[in-house]
Amino acid sequence: MDILLAIAIMALGAVVLGAALGFASIKFKVEGDPLVDKIDAILPQTQCGQCGYPGCKPYAEAIAKGEEINKCPPGGVEGVQRLADLLGREVKPLDAEEKPKQIAIIDENTCIGCTLCIQACPVDAIVGAAKQMHTIVAPLCTGCELCLPPCPVECIRMEPIAENIDNWKWKYPVVEIKAAALKEAA
Amino acid sequence: MLMNLFKFKGGVKPPTNKTQSVTLPIAQAPLPSRLVVPLHQSIGGTPRPVVAAGDKVLKGQLIGEADGWISAAVHAPTSGTVVEVAMHVQPHPSGLDALCVVIEPDGRDEWIPREAVDYKALTPEEVRERLQQAGVVGLGGAVFPTHGKLTASKTVPMEELIINGAECEPFITCDDLLMRERAEEVVRGIGIFRDLLQPKKVLIGIEDNKPEAAAAMRAAVDALQEPFLVVPVPTLYPAGGAKQLIRVLTGKEVPAAKRSTDLGVQCFNVATAYTAWRAIAHGEPVVSRLVTVTGNVHAPRNYEVLIGTPMDELLKLATPHPDTDGIIMGGPMMGFLVPDPHVPVVKATNCLIAHDDRLFPPKPPEMPCIRCGACAQACPHELQPFEMYWFARAKNFGKTQEYHIFDCIECGCCSFVCPSRIPLVQYFRFAKSEIWAREREKNAADGAKARFEFKQLREEREKAEKAEKLARAAAAQAAKKAAEAAAAAAAGGDAAETAAAAPEVAPAAVDAAKEAKKATIEAAMARAKAQREAAQPKNVEALSGAQQKEIDEIEARRQVAHLTDADAASPAGEKTE
């Protein structure tokens, strides 16, 4: 009899807790994959497709499913490092060459106004109309280079963003000391 | 007059080195060979140039228009010709270029018509507007546009207006001399600020190593019968920091991430009050400022210098010793070596120190941190510089922010006391600029993401709209066909039945629908007719008589058929039945 009572109690407990878990999984259901959002927040959002995926979000989804983390050249080595920290994976060297940040510039004398680059731009950073000159809204350009291949007259070039007083950064002090030592030696 | 003063924690007492430059009165610096006036001289938006190369300008003429509310106008410092509007090296640690207006003086130093106004007859908005137009900015070093600080908070009553005459940094004496020689105009300028902000008390804080300046200010306050209090504060670097001076004079501690206005306190520099008075009561925009020229020079002195004067020309006036190897802008604690001796004097330039190895011996090498805590004891902001240093060195910027790196005023007390001679402030500047850069990148990435998502949304919507349009067109086509068939059937019915019976049988709605259908059919037929007529028959020239006859016969048949078609549907109806 005792053993039956014990089994009944355990069974009741299992049912009650199971119901509670089931309720919680419906009530506190997380929409979407939070990991994908966290990965997406680290990616640089250039939407350049250099990783082989059509945008940063699809690559984030692929990473969450096990894709390599070193396929984002705009994110750089630091991006790989941060992804490795987030996911607990090993840091790998970047799968491509790291380039300095750049923006696209349209040579306005050559532009024929074909609108092909406007359609290619993932962030709507090119303005213009058919048979009218196009131009790039520099602050919005992510430097993804997607506008280069469609241009029939090759009037778009990439230029690295120059240092100016507004984006200038103080250098790491240790480096300065090394430089001073070199100067003394010379 | 006795007032209870408070203390701020920390602080250091570096040798003041002020006596060298106070022996001589303020001198007017002669006109330089050319003036390079940077457009961006204050916090906020970069003013837009309103002159071009070749323009003649007068002294005080607007050359850069304020861009936005937090931005201050820039004016021609003397009369002459604009040589170019181009990029030139800036007095900035980066040594980078920025847009400047270069003026060649004509030697006449001719003013624009100056309009003196009685500010009491103006509304506060007009006074603020005038200050912005005159380019009045904080001359203590931060160059924040003054008009932006002259709006009293609506929620917090204005308690104290603090006027900063502490001038705590070694070597600098320009505010001291200004108060000694031009106290009356400083006090009148403070009167403007007082009238705009309506504080309960006005306190003028002057470090007690400047008794002559304090006496002159007291005399001016008495002469003008103002209720301002001139308060000597203990000489302790950095007593001239806004938050430190507020602490000393009022005992109020401005919390992190809050402004002094949230506590009902506002703070201005004495030189700012002076330029505000000149701007309002004399119509003179800020085209010059007092600059202390000292250090490794023969005759240290304060000069009234036009903005844009090349620093090497100014330094020559004080005859620097031959071993001078650089120019420091600002004081020895917070200043920096300018990247090029030709850089211009700007509104933020309060002092030039000729640099040599005797005055500023080269720093011995940096040693490891021994965790002595001397920096934390010296920090006037009660921060823990050693913690911030470790994290900045390890590039762990999140942690530096947890230790409130953005409350650091970069006063240099920690580096001054560090027994290991670690350039702590440089680490903090590095960390701050990295954090700002990351913030900018994050914002750019967020913006790009939003734009990308919007573009995708728009493309999907356009696709859906196109599909819908196509579906609608197909439906319309089908409806038209059905309507034609129905109209044909109805016409047949009409012919069969009597014309009078039809309206009685069909309700009004059906009638209307029928009318609409009829109209579309007629329109379609008209279109078809137009098309037929537009399609001209070919080979109609040089026809033989037989051919012409044949054509005429066909045309006649067509005409008959066409007439029966257009006239009534009865034959068609007959055909269908």
Side-chain angles (χ1 to χ4, degrees), chain A residues 37 39-49 54-60 72 74-76 78-79 81-82 85 101 103 118-126 137-144 146 161-178 180-181 183-184, chain B residues 38-40 45-46 87 89-99 336 362-367 389 392-395 410 415 421-438 440-459 462:
Chain A
D37 287 339
I39 296 170
D40 200 29
I42 292 174
L43 295 176
Q45 304 299 331
T46 44
Q47 320 294 351
C48 61
C56 294
K57 186 100 184 214
Y59 181 44
C72 178
E78 209 192 307
Q81 176 74 52
R82 290 177 65 197
D85 287 349
K101 281 211 175 318
I103 58 165
I118 295 180
Q119 292 158 38
C121 180
V123 292
D124 288 333
I126 308 180
V137 185
L140 302 179
C141 176
T142 63
C144 68
L146 288 179
I161 297 175
E163 199 173 43
N164 61 38
I165 284 188
D166 292 324
N167 67 15
W168 176 79
K169 293 193 279 190
W170 284 91
K171 304 294 174 284
Y172 190 59
V174 171
V175 177
E176 273 181 19
I177 285 159
K178 274 183 192 157
K183 220 183 269 172
E184 258 172 42
Chain B
L39 286 164
H40 195 208
T46 304
M87 304 294 277
V89 187
Q90 293 299 296
H92 187 272
S94 67
L96 291 169
D97 295 0
L99 202 59
F336 59 92
K363 240 183 149 166
E366 177 183 342
M367 303 288 280
Y389 157 68
R393 195 184 165 116
K395 302 187 185 175
E410 301 174 18
S415 311
R421 292 153 325 229
I422 300 169
L424 289 153
V425 177
Q426 290 189 38
Y427 281 96
F428 303 155
R429 285 175 173 159
F430 157 73
K432 283 180 182 180
S433 64
E434 280 294 328
I435 293 167
W436 281 323
R438 265 147 222 247
R440 276 198 301 272
E441 266 167 37
K442 184 92 193 60
N443 290 343
D446 286 349
K449 192 178 172 188
R451 294 179 72 79
F452 176 63
E453 280 168 2
F454 179 73
K455 174 161 179 164
Q456 280 191 320
L457 190 83
R458 196 187 63 217
E459 274 171 357
E462 273 167 9

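Order of the sequence lines fixes the chain letters, A, B, ..., with proteins taken first and strands second; residue numbering starts at 1 for each chain.
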* Just give me the residue among A/Gly55, A/Cys56, A/Cys121 that pairs up with chain B most often, heavy atom to heavy atom, under 4.5 Å. => A/Cys121
* Best-contacting candidate, B/Gln90, B/His92, B/Met87, B/Lys442, against chain A by heavy atom pairs under 4.5 angstrom -> B/His92
* Is any side-chain heavy atom of B/Arg438 less than 4.5 Å from a side-chain heavy atom of A/Glu78? -> yes
* **Minimum heavy-atom distance between A/Gln45 and B/Ala448, given as atom pair plus value** => O-CB, 3.3 Å
* Please look at A/Pro54 and chain B and tell me whether the side chain, the backbone, both or neither of the residue comes under 4.5 angstrom of a heavy atom of that chain. => backbone
* Structure fact -> Answer key: most heavy-atom pairs under 4.5 Å with chain A among B/Ala392, B/Pro93, B/Ala98 is B/Pro93
* So, for B/Ala445 and A/Pro44, which heavy atoms are closest and what is the spacing to 0.1 Å? -> CB-O, 3.5 Å
* Asked: Can any side-chain N or O of B/Tyr427 pair as donor or acceptor with the backbone N or O of A/Tyr172 at less than 3.5 Å?
  -> no
* Among B/Lys455, B/Glu459, B/Gln456, which residue forms the greatest number of heavy-atom pairs with chain A at distances under 4.5 Å? -> B/Lys455
* Structure fact -> Rounding to 0.5 Å, atoms NZ (A/Lys169) and OG (B/Ser94) come to a distance of 14.0 Å
* Structure fact -> When every non-hydrogen atom of B/Arg440 is compared with those of A/Asp166, the smallest separation belongs to NH1-O, 3.6 Å
* Asked: When heavy-atom pairs shorter than 4.5 Å are enumerated against chain B, which of A/Asn167, A/Asn164, A/Leu140, A/Ile165 gives the highest number?
  -> A/Ile165
* To do: Heavy atoms only: give me the nearest A/Trp170-B/Phe430 pair and the separation to one decimal.
  => O-CD1, 3.4 Å
* **Straight-line distance of B/Lys449 NZ to A/Thr46 OG1, nearest 0.5 Å** => 13.0 Å
* Part of B/Lys395 within contact of chain A (heavy atom distance under 4.5 Å) -> side chain
* Shortest non-hydrogen contact from B/Arg451 toward A/Val123 -> NE-O, 2.7 Å
* Asked: Can we say B/Glu434 and A/Lys171 salt-bridge, meaning some charged N sits less than 4.0 Å from an Asp/Glu carboxylate O?
  -> no
